[in-house]
Asker: 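This is the structure I want to talk about, given as structure tokens.
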Amino acid sequence: MNYPVFSLSPSPSVFVIVLLLFVQVPSSVSNSALFADCSNKFVCGNISADFPFWGTGRPPACGIPELELKCEDNIAKMNISQVAYRVLDINQDDGILRIAREDYLVGLCQPQFVNSTFNPKVFESVEGYTNLTFIYGCMAAPTAMPVPGLFTCKINAVNYQSGYIQAGATGPGECYGSVFVPVSITDLSPVVIMPDLEQSLKEGFEVRWKVDGEACRECNSSSGVCGVDSVTNQTTCYCPNQSSGSRTCALPGSTPNADPAIPAPGRDTFPVT
Ligand SMILES: *[C@@H]1O[C@H](CO)[C@@H](O)[C@H](O)[C@H]1NC(C)=O
Ligand SMILES: *[C@@H]1O[C@H](CO)[C@@H](O)[C@H](O)[C@H]1NC(C)=O
Ligand SMILES: *[C@@H]1O[C@H](CO)[C@@H](O)[C@H](O)[C@H]1NC(C)=O
Ligand SMILES: *[C@@H]1O[C@H](CO)[C@@H](O)[C@H](O)[C@H]1NC(C)=O
Ligand SMILES: *[C@@H]1O[C@H](CO)[C@@H](O)[C@H](O)[C@H]1NC(C)=O
Ligand SMILES: *[C@@H]1O[C@H](CO)[C@@H](O)[C@H](O)[C@H]1NC(C)=O
Ligand SMILES: *[C@@H]1O[C@H](CO)[C@@H](O)[C@H](O)[C@H]1NC(C)=O
């Protein structure tokens with residue numbers, strides 16, 4: 001974009017200068033600051049992460065809105081679709097996150113009655129996991145079908161304490177409430193042993209985040225740090241000495257990078273609702 005900044009022709013350049021004052025200059029300041037801020041890694045216990053995550057020293061512009069991390073007592077945590085998770089592993093190379101529901105770390109009986117669902121625009125499932133539904137507060141456990149896991153839980157304000165497990169993602173039916181969650185146990189045919197199931201819930205499950213890593217790798221290898229443009233929701237590159245967001249950083253000694261701030265549609269976009 002070659003703005004005629006030093007042109008002497010009157011009104012258009014005044015307009016452009018005003019535009020530059022209000023758009024370029026603040027963005028220059030914030031881009032250097034964002035380069036510094038987004039260069040910070042999230043570190044919590046033995047979990048560390050950078051783009052596309054943000055939180056705890058990394059401002060929102062460093063990552064995708066859905067991927068906010070928090071560190072509490074050296075334990076990494078995040079909320080996904082209203083469910084509280086503990087973060088057990090972040091594999092940046094493969095784009096895989098391993099998480100466990102906080103409510104099931106203490107057993108089956110204090111559920112947060114919200115299903116583990118994932119925005120398909122941001123996450124995709126990883127092979128080897130299958131949904132199980134935990135059904136609570138049943139007047140009587142179903143007798144007609146073989147039921148893999150029967151359990152008893154006293155849920156506040158519910159009289160009925162029988163619960164059972166069903167394969168797949170279903171609802172509570174006649175019972176008080178239900179929760180579905182992916183687990184690594186894929187073979188439900190023999191009776192599920194409760195301790196194994198509780199262990200499996202503690203070990204969590206994996207989801208893959210859907211961000212085109214290519215744009216970020218280009219940025220990273222040009223000494224920039226990746227972030228997200230808050231207006232376009234696209235991957236952008238913050239550079240040490242560059243005024244506006246761009247795909248990559250200018251190499252030292254080369255002419256300033258003249259790539260448009262807004263990348264061509266269809267490239268390095270990740271849709272976010
Ligand atoms: C960028 O590169 C650095 C050093 O090679 C690496 O530690 C970091 O994880 C990379 N970040 C991303 C988002 O690829
Ligand atoms: C999850 O959401 C709850 C309720 O909104 C909030 O109190 C908590 O801090 C959030 N936790 C994380 C890790 O974002
Ligand atoms: C963190 O430590 C725990 C327990 O020591 C281990 O199971 C886990 O794999 C470690 N995670 C990472 C990302 O190193
Ligand atoms: C669990 O069920 C939800 C809702 O039906 C579905 O979108 C998701 O792909 C399922 N996950 C697995 C691991 O099968
Ligand atoms: C969980 O999903 C099931 C099946 O889609 C649904 O019937 C149930 O109401 C959901 N539970 C919550 C708390 O949203
Ligand atoms: C960017 O994401 C935010 C939050 O998810 C959303 O409100 C906004 O509409 C998105 N903007 C665009 C241009 O997609
Ligand atoms: C950025 O510019 C400053 C001042 O012009 C200079 O001291 C610094 O070395 C530059 N940093 C990089 C990474 O080019």
Side-chain angles (χ1 to χ4, degrees), residues 42-49 52-60 62-90 94-106 108-138 142 148-149 153 155-158 163-189 192 197 200-201 203-210 271-273:
F42 170 88
V43 178
C44 183
N46 63 356
I47 304 289
S48 72
F53 294 88
W54 63 280
T56 314
R58 294 172 55 79
C62 302
I64 298 176
E66 282 83 353
L67 297 180
E68 178 187 9
L69 294 168
K70 282 190 182 163
C71 190
E72 291 170 11
D73 298 327
N74 276 335
I75 294 169
K77 298 182 176 183
M78 70 192 296
N79 287 337
I80 304 174
S81 302
Q82 277 92 57
V83 179
Y85 293 97
R86 183 167 296 198
V87 177
L88 302 175
D89 193 23
I90 295 177
D94 298 338
I96 290 177
L97 181 63
R98 193 155 61 82
I99 52 180
R101 284 180 68 115
E102 286 279 352
D103 51 355
Y104 286 144
L105 293 177
V106 295
L108 288 184
C109 290
Q110 289 167 51
Q112 182 194 356
F113 280 110
V114 184
N115 295 319
S116 283
T117 56
F118 295 87
N119 180 348
K121 289 175 177 168
V122 180
F123 297 100
E124 62 191 11
S125 53
V126 169
E127 264 182 54
Y129 297 92
T130 183
N131 284 312
L132 282 190
T133 303
F134 295 84
I135 300 175
Y136 293 88
C138 305
C153 284
I155 303 289
N156 280 346
V158 184
Y164 66 101
I165 299 165
Q166 200 162 56
T170 67
E174 305 267 278
C175 303
Y176 170 77
S178 67
V179 174
F180 67 70
V181 57
V183 296
S184 57
I185 293 172
T186 51
D187 183 12
L188 273 185
S189 46
V192 174
L197 185 55
S200 169
L201 288 167
E203 287 167 6
F205 59 95
E206 294 171 306
V207 283
R208 189 177 283 111
W209 65 83
K210 291 162 78 171
V272 172
T273 47

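Order of appearance sets the numbers: ligands from 1, and atoms from 1 within every ligand. This is a predicted model, so every value here is computed, not measured.
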Asker: Regarding ligand 5, does S178 bring an N or O atom to under 3.5 Å of one of the ligand's N or O atoms?
Answerer: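 For ligand 5, there is no N or O atom that lies under 3.5 Å from one belonging to S178.
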
Asker: Check each atom of ligand 5 against the heavy atoms of F113 and keep those under 4.0 Å away; list them by number with element.
Answerer: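 With F113 as reference, the close atoms of ligand 5 come out as 13 (C).
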
Asker: May I have all residue pairs that pass salt bridge (charged side-chain N to carboxylate O under 4.0 Å, His left out) and include part of residues 122-132, sequence neighbours excluded?
Answerer: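 Listed once each, the pairs are E124-R208.
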
Asker: State whether the side chain of E206 and the backbone N or O of G128 hold a donor-acceptor pair below 3.5 Å, judged by distance alone.
Answerer: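 A pair under 3.5 Å: no.
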
Asker: Show me which atoms of ligand 4 lie under 4.0 Å from any heavy atom of A169.
Answerer: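 Taking each heavy atom of A169 in turn, ligand 4 has 2 (O), 5 (O) under 4.0 Å.
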
Asker: Just jot down the ring-ring contact (aromatic ring centres under 6.0 Å, His included) partners of F53, sequence neighbours excluded, or say none.
Answerer: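 Expected list: W209.
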
Asker: State, to 0.1 Å, how close P172 and I135 come at their nearest heavy-atom pair, and which atoms those are.
Answerer: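 That would be O-CG2, 3.8 Å.
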
Asker: Among residues two or more places apart or on two chains, list those pairs meeting salt bridge (charged side-chain N to carboxylate O under 4.0 Å, His left out) that have a residue in residues 78-87.
Answerer: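 Qualifying pairs, neighbours excluded: R86-E102.
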
Asker: Taking the side chain as everything from C-beta on, heavy atoms only, tell me whether V181 gets closer than 4.5 Å to V83.
Answerer: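 No - every pair of side-chain heavy atoms lies 4.5 Å or more apart.
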
Asker: Counting from 1, what ligand 5 atoms have a heavy atom of N115 closer than 4.0 Å?
Answerer: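 Contacts of ligand 5 toward N115, numbered from 1: 1 (C), 2 (O), 3 (C), 8 (C), 10 (C), 11 (N), 12 (C), 14 (O).
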
Asker: In a check of ring-ring contact (aromatic ring centres under 6.0 Å, His included) between Y136 and each of Y176, Y164, F113, which one passes?
Answerer: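 With Y136 as partner, ring-ring contact (aromatic ring centres under 6.0 Å, His included) holds for just one option, F113.
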
Asker: Should T130 be counted as touching ligand 4, given the test is an N or O pair under 3.5 Å?
Answerer: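 Between T130 and ligand 4, no N or O pair is found under 3.5 Å apart.
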
Asker: At under 4.0 Å between heavy atoms, is it the side chain or the backbone of V179 that contacts ligand 5, or both, or neither?
Answerer: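 No part of V179 comes within reach of ligand 5.
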
Asker: List ligand 5 atoms under 4.0 Å from F180, heavy atoms only on the residue side.
Answerer: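 Matching atoms, with element in brackets: 1 (C), 2 (O).
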
Asker: Taking non-hydrogen atoms within less than 4.0 Å of ligand 2, which protein residues qualify?
Answerer: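 Lining ligand 2 at under 4.0 Å, by heavy atoms, one finds K70, K77, M78, N79.
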
Asker: Answer yes or no: does atom CD of Q110 have more than 12 heavy-atom neighbours from other residues, nucleotides or ligands under 6.0 Å?
Answerer: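 Check fails, neighbour count at 12 or below.
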
Asker: Measure across P182 and S116 and return the closest heavy-atom pair with its distance rounded to 0.1 Å.
Answerer: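 Reported closest heavy-atom pair: CD-CB, 3.9 Å.
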
